[in-house]
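What follows is a short report on a single structure.
Counting begins at 1 with the first residue of the sequence.
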Amino acid sequence: WKTRILLDALTDVATYVPIDISRDHLLEASRDLATDYPSIPVQPVCADYTTDFALPDPPPSAARTVVYYPGSTIGNFRPEQAHQFLAHVAQIAGPGGGLIIGVDLRKSPDVLVPAYDDSEGITAEFNYNVLDRINREIGATFDLDRFDYTAEWDPDRSCIDMQLVSRDDQQVQVDGVEVSFEAGEAIHTEYSFKYTLDAFAQLAGRAGLEVDTVWTDADDRFLSRPRRRRRLHRLAALSNRACSNRACSIRRNAAAGRCMRHNQHVPTWTFQPARWLPDRFDIDRSCVQHIPSPEAPPSRGDPASSSG
């Protein structure tokens, strides 16, 4: 639905390239989008987007490339990983390109901890599923009842640290190897880093991006979440297009739509008309796949085409 909010607000989109590691889910979603948005070409790419991979050549009508990364998944990367990811995005977008990204903002631990250690145990089950899947897929012997889920706020690192903590001394078989756990020993399962506006702007700046426009919710808890659809025409929260004053701060005043220091308007854009439609090709056969197989892994960056 996040993609549909964006597509509903845009006009003259040259092409849409969804990327996902799950090919079946990717193809199903791509078919639905191609059906519901007949004027937008859909070119799915099956890949791990944290690795290097090639994108389909854009149609001649494409004026620029904008990467869309909604939600707050960037928080699951450690800061150094987030920097690498953003630098990769900047390279994909190219000069004049942009990125729309969702970021969870830093807030009180009284709000954060209950969100990750919820009373219904939803997040706990998500983490226990890590062990359950190891048991299913490689025959491990984890007893989920012998681990406690914890979610703690680390103020120094500005993140929620999620762990599964062994309740007692125990041994677990993992792919034929015996692994010993002492009581209180933890398995780290997930981070969720939270940012201030300044901290994320600095991270983006080191990756070659600068902030154009910021949307937040009414309580300033989430970044790049538009309050009104009509404002989506501004598109990017981050852009490779800088203020004409090279000494400009990367901070922006979103409400005024101007650079805070030099009073320059935040750039806006539209896409050029598309010249071809999604019904001219088959979604299954057009899907470019970059998932290496154990039998014959393709070289990095060398796409292996796949048919449905």
Asp169 side chain to Ala183 main-chain N or O, any donor-acceptor pair under 3.5 Å? yes
Give the minimum heavy-atom separation between Pro114 and Pro109, together with the two atoms involved. CD-O, 3.7 Å
Can you spot which of Leu27, Leu26, Thr3 makes a side-chain contact (heavy atoms from CB on, under 4.5 Å) with Pro18? Leu26
Student check: side-chain heavy atoms of Tyr69 and Val89 closer than 4.5 Å: no
What is the distance from atom CG of Leu112 to atom CZ of Arg106, rounded to the nearest 0.5 Å? 9.0 Å
Heavy-atom check, side chain of Lys2 versus side chain of Tyr68, under 4.5 Å: yes
Test item: Asp52 and His88 side chains (from C-beta on) under 4.5 Å apart, heavy atoms: yes
Which value, rounded to the nearest 0.5 Å, describes the distance between Gln173 atom CD and Ile138 atom CD1? 11.0 Å
With rounding to the nearest 0.5 Å, note down the distance linking NE2 in His83 to CZ in Arg78. 15.0 Å
Please check if the number of heavy atoms outside Glu120 that lie under 6.0 Å from its CD is greater than 12. no
Please check if atom CD in Glu28 has more than 12 non-hydrogen atoms from other residues, nucleotides or ligands closer than 6.0 Å. no
Under a 3.5 Å distance rule, please check whether Ser192 uses its side chain to pair with a backbone N or O of Ile160 as donor and acceptor. no
Check whether any side-chain heavy atom of Leu33 sits under 4.5 Å from a side-chain heavy atom of Ile40, and report yes or no. no
What heavy-atom pair brings Ala54 and Val45 nearest, and what distance separates the two atoms? O-CG1, 4.4 Å
Any sub-3.5 Å donor-acceptor pair from Tyr149's side-chain atoms to Gly121's backbone N or O? no
Do we get Arg157 above Tyr191's six-membered ring, with its NZ or CZ under 6.0 Å from the centre and within 45° of the axis? yes
Can you confirm whether Arg133 is buried at CZ, in the sense that more than 12 heavy atoms of other residues, nucleotides or ligands lie under 6.0 Å from that atom? no
Could you check whether any side-chain N or O of Thr141 sits under 3.5 Å from a backbone N or O of Val172, counting only pairs where one atom can act as donor and the other as acceptor? no
For Glu182, I'd like to know if atom CD has over 12 heavy atoms of other residues, nucleotides or ligands within 6.0 Å. no
State whether the side chain of Arg64 and the backbone N or O of Gly97 hold a donor-acceptor pair below 3.5 Å, judged by distance alone. yes
d(Asp118 CG, Thr123 OG1) to nearest 0.5 Å is 4.0 Å
Asp145 backbone acceptor or donor facing Arg167 side chain under 3.5 Å: yes
Quick check: does any side chain N or O of Asn127 sit under 3.5 Å from a backbone N or O of Leu164, one acting as donor and the other as acceptor? no
Are Phe142 and Val174 packed together at the side-chain level, in the sense that at least one heavy-atom pair is separated by less than 4.5 angstrom? yes
Could you tell me which non-hydrogen atom of Phe77 sits nearest to which non-hydrogen atom of Tyr49, and how far apart they are? CZ-CE1, 4.5 Å
Are Leu86 and Ile101 side-chain neighbours, meaning at least one heavy-atom pair lies under 4.5 Å? yes
Do Asn129 and Arg136 come close enough that some side-chain heavy atom pair is under 4.5 Å? yes
Testing Ile74, Val214, Asp104, Val211 for side-chain contact (heavy atoms from CB on, under 4.5 Å) with Phe200, which one passes? Ile74
